[in-house]
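Throughout, a chain's letter reflects where its sequence line sits, starting with A, and its residues are numbered from 1. All values below come from the heavy atoms of this structure, side chains included, with hydrogens, waters and symmetry mates left out.
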Amino acid sequence: MIYKIYKLLLNHYGYQNWWPAESRYEVVVGVILTQNTSWKNVEKAIKNLKAKNLLDEEKILNISMNELKELIKPAGFYNIKSERLKEITSFIVNNYGSTENMYLSKEPMKVLREKLLNVKGIGKESADSILLYALDRPSFVVDTYTKRLFNRLGILNSEDYEYIKRIFEENIPKDLKVYKEYHALIVEHCKTVCKKKPKCNKCFLKDICLFRF
DNA sequence: ATCCGGACTG
DNA sequence: CAGTCCGGAT
């Protein structure tokens with residue numbers, strides 16, 4: 001059933017080609033900036049950084065906190081996000097030199113995940129997003145949307161992150177492309193249809209959903 | 001005036 | 001589990 005929903009979403013929305021970024025580090029920055037924030041505003045912040053050619057680990061570490069806050073302001077939560085950006089960036093630089101080198105690391109995914117989770121400001125969703133979209137490791141990303149959609153459909157009855165992650169990983173092919181697309185498709189569907197206040201009348205899944213009005 | 005985003009910390 | 005972080009949308 002889990003895999004069937006993937007095929008239905010893919011057939012309906014088409015490939016999303018996530019994550020939109022020009023470098024692995026840009027994905028990391030995007031992951032932090034998009035916490036509790038719509039992507040539209042994150043794009044403005046990324047654009048600011050790119051305009052000053054600052055989308056680089058060393059440069060982010062070297063600019064002042066105030067300058068960083070100013071640049072990422074459009075993404076909101078700039079006080080905490082500026083700190084989190086410095087945190088994850090210095091973790092990467094101190095342990096791997098760069099995001100590209102971290103990607104090349106031979107460490108098992110589980111080890112990489114534990115290390116990411118130990119960085120202040122990186123929770124499960126951010127860790128998995130970095131693993132999947134920045135480091136090309138097959139770690140399924142679970143978010144509020146995933147929980148909402150599948151609990152509404154009646155396929156899941158849980159809010160437990162690790163449990164849901166496991167269910168997905170056990171029921172879809174261990175294929176990077178599938179992992180990346182599936183999460184992206186869930187986001188697309190939930191942001192347009194299966195919203196907090198759902199638009200069930202416009203939902204192409206209403207016939208198989210237990211939540212339909 | 002309140003809600004809500006591609007959540008995290010204690 | 002609640003408290004917290006910002007700005008735009010409702």
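Residue contacts shown for A/K195 are absent, as no nucleic acid heavy atom lies under 4.0 Å away. Nucleic acid contact class of A/I122 (heavy atoms, under 4.0 Å, all strands): sugar-phosphate only. Across all strands, A/S129 comes closer than 4.0 Å to no nucleic acid atom at all (heavy-atom distances). Residue contacts shown for A/V119 are limited to sugar-phosphate atoms, with no base heavy atom under 4.0 Å away. Backbone-only contact: A/K120 has heavy atoms under 4.0 Å from sugar-phosphate atoms and none from a base.
In this structure, the nucleotide among C/dA9, B/dA7, C/dC6 sitting nearest to the side chain of A/K40 is C/dA9. With B/dT9, B/dG5, C/dC6 as the choices, the nucleotide that has an atom nearest any side-chain atom of A/R84 turns out to be B/dT9. The side chain of A/K73 approaches C/dG7 more closely than any other nucleotide in the set C/dG7, C/dC5, B/dC8. With B/dA7, B/dC8, C/dC5 as the choices, the nucleotide that has an atom nearest any side-chain atom of A/F77 turns out to be C/dC5. Considering only the side chain of A/Q35, B/dC8 comes nearest among C/dC6, B/dC8, B/dG5.
Nearest-nucleotide assignment on DNA chain B puts the 5′-proximal partner with A/R148, out of A/K124 and A/R148.
The shortest side-chain heavy-atom distance between A/D136 and A/K180 falls under the 4.5 Å cut-off. Residues A/K115 and A/F91 are in side-chain contact: their nearest non-hydrogen atoms beyond the backbone lie under 4.5 Å apart.
Here the two rings, on A/Y145 and A/H183, have centers that are 6.0 Å apart or farther.
Each of A/V29, A/L33, A/V27 was scored for a side-chain contact (heavy atoms from CB on, under 4.5 Å) with A/V31, with one residue passing: A/V27.
At least one donor-acceptor pair under 3.5 Å links the side chain of A/K86 to the backbone N or O of A/L61.
The aromatic rings of A/Y182 and A/F150 stand perpendicular to each other, their planes meeting at an angle above 60°, with 30° marking the opposite boundary.
Counting only Watson-Crick or G-U wobble pairs whose defining distances are both under 3.5 Å, the stems of 3 or more consecutive pairs in DNA chain C are B:1-5 with C:6-10, B:7-10 with C:1-4.
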